[in-house]
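Okay, so here's the structure we're looking at.
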2 protein chains.
Amino acid sequence: MNAGFPSLDHDHKRCVADAMARADEACDARGVRLTPLRRRVLQALAESHSPLGAYEIVERLKKTREPVPAMSVYRALDFLLAEGLAHRIESQNAFLACIHGHETDEIVLFLLCERCKRVAEVTSGALGRDLSQATRGVGFSAKARVLEVSGLCNACKKTEARVKQSQGISR
Amino acid sequence: MNAGFPSLDHDHKRCVADAMARADEACDARGVRLTPLRRRVLQALAESHSPLGAYEIVERLKKTREPVPAMSVYRALDFLLAEGLAHRIESQNAFLACIHGHETDEIVLFLLCERCKRVAEVTSGALGRDLSQATRGVGFSAKARVLEVSGLCNACKKTEARVKQSQGISR
DNA sequence: TAACGCGCGATATGATGTAACAAGCGAATG
DNA sequence: CATTCGCTTGTTACATCATATCGCGCGTTA
Ligand SMILES: [Zn+2]
Ligand SMILES: [Zn+2]
Ligand SMILES: [Zn+2]
Ligand SMILES: [Zn+2]
């Protein structure tokens, strides 16, 4: 098992800069081009730490000197997904910058907090083994996996508890 | 572990009739109304054995004496999802009749064949335990789970292999 | 009967995603 | 240098998926 939610007080500027640097490197190594446009889309995602809809990205980039049409955002996203620099969160029709970079065929589980909207990417060997076993059990060859769990992160759980309690008192 | 793909030669008329009967019972038991409209939507899903988009359902019902507007199909789907009579396949923005009926909180994994479009609903205790462990490991409280794996079913895998081989011969 | 909840019709609108074709632009080729 | 080629981007239009809102009909309840 591995990874959790981004801590609430981390150095986010640094976090974004690092992610962009890793993306530059990765693209360089693979001989693909992280063009300015693609870079801006990835940066918008990285700055958010929450899944963003394609049109949310459009909105954010609209506030910069150079707006980007929706079509171009989708194309950039296609590229980022293909290169593993971003993930698609199917249950939200939204996209997320990938912070770590995963091994190929590594199985990733997304934990989606409904309250604070943060995301944890969890990788678990045991989970992967069970998945393989469950699929192979019926002779199925897996290609793509969508593993998403929504709920409440630890921090938000505590907050909700506090809110509930104070409501109880005021009643 | 449990369940697989519907066999290619099963008595589908019977399969649909049974599913509808179970749905009638379930609604009756819970005191909710499986109205004619809801029933027709469920039946359209059950007849397909593959996920259908909402507007595909609209199209199929358009061919009957009494077409159903999209809005009503969505409302029926909301009901069917709430009652656990249908599932939403997030990675396809589509819907699927539930054949078995699951225990509450049972964890269901969908295997989606990219070629024949059939779906297997797999439940696995081990998978559930690992999921719980992975989520609890970071203090996360899970509410909804989306577990979807797309790939090739056993039958389609064999077909593809045959196609590949015959291509190899003709070259 | 009157009030109410609920299912449904009807229309409009919003959100998400693609198709198709033209134009820019840099690298390779001659 | 001029040409050609492939990839990226701009532009417009369209397709698909989903929700908002208002009002009517109908059975239940007070
Ligand atoms: Zn950060
Ligand atoms: Zn949270
Ligand atoms: Zn069947
Ligand atoms: Zn198949």
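Quick caveat, the model's predicted, so the values are computed rather than measured. Chain naming here is simple, since letters A, B, ... match the order of the sequence lines and numbering starts at 1 in each.
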| said: Does C/dC8 have OP1 or OP2 under 4.0 Å away from a side-chain N or O of B/Ser72? | reply: no
Starting from [atom2] on [N], measure out to [atom1] on [X] and report it in whole angstrom.
{"X": "A/Arg30", "N": "D/dC7", "atom1": "CZ", "atom2": "C1'", "result": "18 Å"}
{"X": "A/Arg75", "N": "C/dT18", "atom1": "CZ", "atom2": "C1'", "result": "10 Å"}
{"X": "B/Ile57", "N": "D/dC17", "atom1": "CD1", "atom2": "P", "result": "11 Å"}
{"X": "B/Asp78", "N": "D/dA18", "atom1": "CG", "atom2": "C1'", "result": "10 Å"}
{"X": "B/Ile89", "N": "D/dA18", "atom1": "CD1", "atom2": "P", "result": "12 Å"}
{"X": "B/Glu66", "N": "C/dG7", "atom1": "CD", "atom2": "P", "result": "18 Å"}
{"X": "A/Met71", "N": "D/dT12", "atom1": "CE", "atom2": "C1'", "result": "11 Å"}

Taking distance alone, no hydrogens or angles, what donor-acceptor pairs closer than 3.5 Å link side-chain atoms of residues 72-88 of chain B to residues at least two apart or in another chain?
residue, atom, partner, partner atom, Å
B/Glu83, OE1, B/Arg30, NH1, 2.8
B/His87, NE2, B/His102, NE2, 3.0
B/His87, NE2, B/Glu121, OE1, 3.3
B/Arg88, NE, B/Glu90, OE1, 3.1
B/Arg88, NE, B/Glu90, OE2, 3.3
B/Arg88, NH2, B/Asn93, OD1, 3.2

When the side chains of residues 140-147 of chain A are checked against the rest of the protein, which donor-acceptor pairs come out under 3.5 Å, sequence neighbours left out?
residue, atom, partner, partner atom, Å
A/Ser141, OG, B/Lys157, NZ, 3.1
A/Lys143, NZ, B/Glu114, OE1, 3.4

With sequence neighbours left out, the residues meeting salt bridge (charged side-chain N to carboxylate O under 4.0 Å, His left out) with B/Arg14 are B/Asp18
TODO: Check whether any side-chain N or O of A/Thr159 sits under 3.5 Å from a backbone N or O of A/Ala155 as a donor-acceptor pair, and report yes or no.
DONE: yes
Answer yes or no: is there a donor N or O on one side and an acceptor on the other, between the side chain of B/Arg60 and the main chain of B/Leu52, under 3.5 Å? no
Set out, line by line, the N/O atom pairs under 3.5 Å between protein and nucleotides 14-17 of chain C.
residue, atom, partner, partner atom, Å
C/dG17, OP1, A/Arg88, NH1, 3.1
C/dG17, OP1, A/Arg88, NH2, 2.3
C/dG17, OP2, A/Tyr74, OH, 3.1
C/dG17, N7, A/Tyr55, OH, 3.0

Apart from B/Val119 itself, its cluster of hydrophobic side chains linked below 4.5 Å comprises B/Ile89, B/Leu96, B/Val108, B/Phe110, B/Leu112
ask   = Under a 4.0 Å N-O cut-off, is there an ion pair linking B/Lys62 with B/Glu59?
value = yes
task = Start with the C-alpha gap between A/Cys15 and A/His49, add the side-chain angles, then the distance that decides, and say whether side chain to side chain contact (heavy atoms under 4.5 Å, CB included) holds.
result = CA-CA 10 Å; A/Cys15 155; A/His49 264 297; 3.3 Å; yes
The correct set of residues in residues 33-46 of chain A placing a heavy atom under 4.0 Å from DNA chain D is A/Arg33, A/Thr35, A/Leu37, A/Arg38
Does the pair B/Glu56 and B/Ser48 meet the rule for a side chain to side chain contact (heavy atoms under 4.5 Å, CB included), with working shown?
CA-CA 11 Å; B/Glu56 268 178 278; B/Ser48 137; over 6 Å; no
